[in-house]
Structure formats: structure tokens, C-alpha cells
Number of protein chains: 2
Amino acid sequence: MPYDPSAYPPFAVTVDLVVLTVRKHALCALVVRRGGPPFQGRWALPGGFVRGDEDLEAAAARELTEETGLRPHVSGGQNAGAHLEQLATYGAPRRDPRMRVVSVAHLVLAPDLPSPTPGGDARSARWAPVGSLSGTDSGAEWDGTEQQESLAFDHGEILRDGVERARSKIEYSSLATAFCPPEFTVGELRRVYEAVWGVALDPRNFHRKVTGTPGFLVPTGGTTTRQGGRPAQLFRAGGATLLNPPMLRPEV
Amino acid sequence: MPYDPSAYPPFAVTVDLVVLTVRKHALCALVVRRGGPPFQGRWALPGGFVRGDEDLEAAAARELTEETGLRPHVSGGQNAGAHLEQLATYGAPRRDPRMRVVSVAHLVLAPDLPSPTPGGDARSARWAPVGSLSGTDSGAEWDGTEQQESLAFDHGEILRDGVERARSKIEYSSLATAFCPPEFTVGELRRVYEAVWGVALDPRNFHRKVTGTPGFLVPTGGTTTRQGGRPAQLFRAGGATLLNPPMLRPEV
DNA sequence: GGAATAGTGTCTGTCAGACAGTATCGC
DNA sequence: GCGATACTGTCTGACAGACACTATTCC
């Protein structure tokens, strides 16, 4: 691989974020409105340039904190922040009309946030149900009250890939707890699965599965009635990161 | 995301390839000897710069053809070439001592090739058992007859990630057939799984599993005795790409 | 015949799906 | 009481693991 350092073609490198959460029984993604051209006024994924002496993951974490105030912890760990992992890299020659830009997309799974806290240099930000953005697919409860508009650049494709990664990853890992607050009930965790997959799960079988998997859930001793009905036990995420055997996703 | 195009930090973008095959009951990776500094004389993964008007995947396919003569088909399709998919992107600030280089690694699964056909600008190339490169891990039959030496740059880490991806992906997809010639027997496919996972599988249960999964294998009608013993049926890869339920990997 | 590989059949334990039934809250 | 949710228990069918056994080839 001998080469002349001055002869390589110039690239810009950005990070884009697919930030997912579950709000009101629906899987939602964070989108920001673009303040300048190209695609001015269109919705896009949050993101920005990687700095000259910055790791890719550090750039993603910095953008996440700027946009949401969330502090990720990158792998393992308890449920005090958001989960962040690299998703894929998008580098088609003309995906950005101004110059050659390679974007390293990252996936963030976050618990529901009280306020959409727009920040950074974005004019505005909101949580959009993924069904309203990708059109097809099991978004289901898309009610048409918000304008449906495709995302800027190739961000629609990036979002689809991120949603698909999240859907498959909660099958064989305990990552669904990243969508939950630090303490949660079995029913709340089940509604996360139902929102992400867009299906209904049997509450009894789900309860047996998650409480029977060692290391998945740790009871905190407390109870809550915030969902109504009989008081439910509260749990924290356990240390187990891989689910074996996996949670089975119906209708595949 | 307003920004000044002239203000972005300059990056070089490369593709690196983790090319895996199964030779003599061992999982092997293609490595090339570096002809120039840095890391002159050390083994490295094949790869090169992305051209100014070239897609990332096209760059990976071009490097693959230059190094091995293989023509990938990127997704789906029959078994006439190699499987190619994006793996992950590596961009630590000083991973290349000369400049800021972001490498988009790709994973290639190829059938056993008669000749290691070095090509391109690499001085020499060879198939190295992955156990001899990553040291630890279930490489098992590393016999010490070849020098054990860590790969240049962060290529050891990239190789580990690629091997891990391949190991997990053959669990729930029919991708193991990408390691096989166009026509193969159940026993040959089983030896692929055994080599990649580094375990022994029960031939009877394996046979029942793969022949009982619809769409996985298609009998061609022919038979062969190239492995000795009773003639075995020949199969082609079927159209099924996802295995449900997955092949279970022992000892997890 | 002996060794090697291919292929079939049977038993058993585990577990997911389906569903009955009970417990405890708010109204 | 009524509706909601939480939780326990039982039955059944699918399937993986662990064998025994037979078939066909080369030597």
C-alpha cells in the first residue's frame, strides 16, 4: 500500500445520529430542521463534522450531548444514560451536493425524555414517529396530523437501517432496557418491545420469559401503580447483555 | 448544520478488507506484506484508498478483485462469487502515523481458492489461519510453523471484529454457503461451521437441521465421493437468506 | 472385512404459544 | 361491582441434543 500522502482525494467526515426512543406506544426518532442549504427547512438527522483530533465515537457522543443533553455510556453499564453504538458508514459520491462527505452513522437508544430540548446549531428539533418518516413499514399508528416528508440527504435510508438494527438487536440482547428509565416494570418493558416491533405480545408468556432469564432483570424491591391496576414490581437492568435463548419476534 | 466547506478538517478515506475462507479445516484470512513504511515488511489486511468519484462498496469490490480475482456479488444471488458487506469504520486520530485516515472495513466470505494469487501493489499475500493472527481465541490448531506477528495498524482489531461478525452471522443466515463451492455436500457445509466456530457438531443432528430448513439447500441431483465413504448428495444454496430458527452454536 | 462417510429413526428435556384463573389497584 | 393491570399455573407441540442403526464406498 505505498502511496503519496498529497495525492489522496480530499474527504469530509461527519457523524450522523439515529436517536430512538419510545413515546406513547410508538417508536420515535429525533429529527432536526435544517437551518441552511442544502435542504433548507427539511428535517434531517442530527449530526456534524468530526474534528481534526477527535475519535469517531467521541464525535458521536459530543453531538448527542449537544442535541439532547444525554450522556451516553458506550457499552455495558447500568441504565443511567443512553446506549450508543456505531451503525454503518454512508459515502456515495454525491450524497451531499456540495462536496464529498462520508458519514459514519451511529445508533442511540434513549429512554423517553421529558422535553425534546433542541440545542446546538439546529433551529428546532422534535421526536417523529418512525412510521411517519419511513412511510411504509409497521409504523401503524401514523395518524396524518403531522406532515409526512422525506428526510434530507440519504437520512431516510440511514434511519431505516438504524430502526432495523434496533429491531433485530433487542431480540438477542438486553438492549430494550436502554429505552426504559432506570427502574421499570415488566409491563413497561413489554410495551417497549411492542412499540419497536409493532406487534402485540402475550403478557403472561413475556413475563415468564424475562423473569426466567437469569441476569436480565434485577428486582429493586419497590412497586408502582403508575400504569394503573395491581401494583407491579420494579426492576433494574441486570448485568446480562446477551439473551440466550433470544426473545422470539412473532410473524417472521 | 450550517458550515463552511473550506473549514472542515481534511481526511483520507480507505477501505480495508477482511477476506475469510476455510482451508484445511481452519478459518483463514487473507493478509498482504507491506512493501513500504510505515510497518514495512509487516502483514496487513488488503485495502487502499477510495477514489474521488467512487462509492465505498465499489472501492471494496475493486480492491477485492485486484487482490484475489474474485468478483463479489453484494447481496443475495447464487454462489458464483464471494459475499461482501460493510463491517465497521475505524477512525482513531492516530491509527495511521502519517495522517488522519478513516478506514471503512468490509467483510468478504469466499470459497477456498486454488491459488493465493497475489496481485495489485502488494509484494506478497497469503492465507493465514486466524488463530495464528489473533493469538488467543479458538483458533485451536495453530501449530507454530509460521511466525506469529501482530498485524500492522489496528488491523488486528479489525480482523477480530470481522471474525466475530462471521461467527455470529452464520448462526442466523445461510451465509456459511458463501464459504462453499457452487455445489457442496452436507458434510462439507458442516465442516465450514466447525472450522468457523472451532467446535465439533453432531453430523446426524446437523444433517436433520439443514435439510429440514425449507429454502436453505436445494438438491442438484448429483452425488460425489470426493470426501470418501458413501456417496453424498450435492446441494446448491437455496434462496432462503435468513435461518429461522437459527443454527445453535454450542458452548455459549 | 475394516474404515470412513452418508443418511434415518427414536427417545427425552427444554421451552414457546395458548389459555385458565387469581390478586390488587382506581373508579 | 367493574375494568384495568399484574402474576401463577397448566397443557401441548416444536425442536435440539444424544444416542443406535443401516447404507455405500474405497482399501
Side-chain angles (χ1 to χ4, degrees), chain A residues 24-25 170-172 176 180 183-195 197 199-235 240 242-252, chain B residues 24-25 170-172 176 180 183-195 197 199-235 240 242-252:
Chain A
K24 314 281 291 175
H25 279 222
I170 65 174
E171 285 186 59
Y172 58 90
C180 295
E183 295 199 349
F184 54 89
T185 70
V186 172
E188 289 165 347
L189 183 63
R190 176 170 48 83
R191 277 181 279 277
V192 165
Y193 275 92
E194 291 177 333
W197 285 345
V199 297
L201 299 175
D202 186 298
R204 287 107 20 142
N205 294 334
F206 183 87
H207 189 280
R208 177 182 57 188
K209 173 71 179 177
V210 296
T211 57
T213 300
F216 189 6
L217 297 182
V218 178
T220 67
T223 61
T224 183
T225 60
R226 62 186 171 215
Q227 301 287 346
R230 170 177 169 178
Q233 269 188 284
L234 283 169
F235 295 88
L242 252 56
L243 253 48
N244 205 297
M247 184 83 57
L248 289 189
R249 181 173 169 185
E251 196 180 3
V252 182
Chain B
K24 313 282 291 178
H25 279 223
I170 64 174
E171 284 188 59
Y172 58 89
C180 294
E183 296 199 349
F184 54 89
T185 70
V186 172
E188 289 164 347
L189 182 63
R190 176 170 47 82
R191 278 180 278 277
V192 165
Y193 275 91
E194 292 178 334
W197 285 345
V199 297
L201 300 174
D202 185 299
R204 283 99 35 133
N205 295 335
F206 183 86
H207 189 278
R208 177 182 56 185
K209 172 72 178 175
V210 295
T211 56
T213 301
F216 190 6
L217 297 183
V218 177
T220 67
T223 60
T224 182
T225 59
R226 62 187 172 214
Q227 300 287 346
R230 169 175 168 180
Q233 270 188 283
L234 283 169
F235 294 88
L242 253 57
L243 253 48
N244 205 300
M247 184 83 56
L248 290 189
R249 181 173 166 184
E251 195 180 4
V252 182

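Each chain gets a letter, A, B and so on, in the order its sequence line appears, and its residues count up from 1.
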Just to confirm, is there a sub-4.0 Å distance from OP1 or OP2 of dG9(C) to any side-chain nitrogen or oxygen of R208(B)?
no
Would a 4.5 Å heavy-atom cut-off, applied to side chains only, mark V210(A) and M247(A) as touching?
yes
Rounded to the nearest angstrom, tell me the gap between atom CG in N244(A) and atom P in dC15(C).
10 Å
Nucleotides 19-27 of chain C: protein proximity per nucleotide (B base, S sugar-phosphate only, - neither; heavy atom, under 4.0 Å)
BB--BBB--
Tightest non-hydrogen contact, residues P214(A) and A240(A), listed as O-CB, 4.0 Å
Close side-chain approach of P245(B) to K209(B), heavy-atom, < 4.5 Å:
yes
What integer distance in Å separates L234(A):CG from dA6(D):C1'?
12 Å
Closest-nucleotide 5' rank along DNA chain D - winner of L248(B) and T211(A):
T211(A)
How many Å lie between CG on L189(A) and C1' on dA6(D), as a whole number?
15 Å
Could you tell me how far apart R249(B) (CZ) and dG17(D) (C1') are, to the nearest whole angstrom?
18 Å
Within the 4.0 Å heavy-atom criterion, would you say R226(A) contacts the bases, only the backbone, or no part of the nucleic acid?
nothing
E171(A) CD to dA16(C) P, straight-line distance once rounded to whole Å:
13 Å
Measure from NE2 on H25(B) to P on dT5(C) and round the result to the nearest Å.
8 Å
Within the distance-only criterion (no hydrogens, no angle test), does the side chain of E194(B) pair as donor or acceptor with the backbone N or O of H25(B) below 3.5 angstrom?
no
Side chain to side chain donor-acceptor pair (under 3.5 Å) against R230(B), all qualifying residues, sequence neighbours excluded:
none
Under 4.0 Å from OP1 or OP2 of dC15(D): is there any side-chain N or O of K209(B) that close?
no
How close or far is atom P of dG7(C) from atom CD of Q227(B), stated in whole angstroms?
12 Å
Assign P245(B) to base, sugar-phosphate, or nothing according to its heavy-atom contacts below 4.0 angstrom with the strands shown.
sugar-phosphate
Measure the acute angle between the ring planes of Y193(A) and F206(A), then classify it against the limits of 30° and 60° as parallel, tilted or perpendicular.
perpendicular
Judged by nearest nucleotide, the residue sitting upstream toward the 5' end of DNA chain C, P246(A) or R190(B), is R190(B)
Look at the side chain of A232(B) and decide which nucleotide, out of dG7(C), dA6(D), dT5(C), has an atom nearest to it.
dG7(C)
Spacing of L243(A) atom CG relative to dA16(C) atom C1', expressed in whole Å:
14 Å
Note, L217(A) side chain near L189(A) side chain (heavy atom, < 4.5 Å)
yes
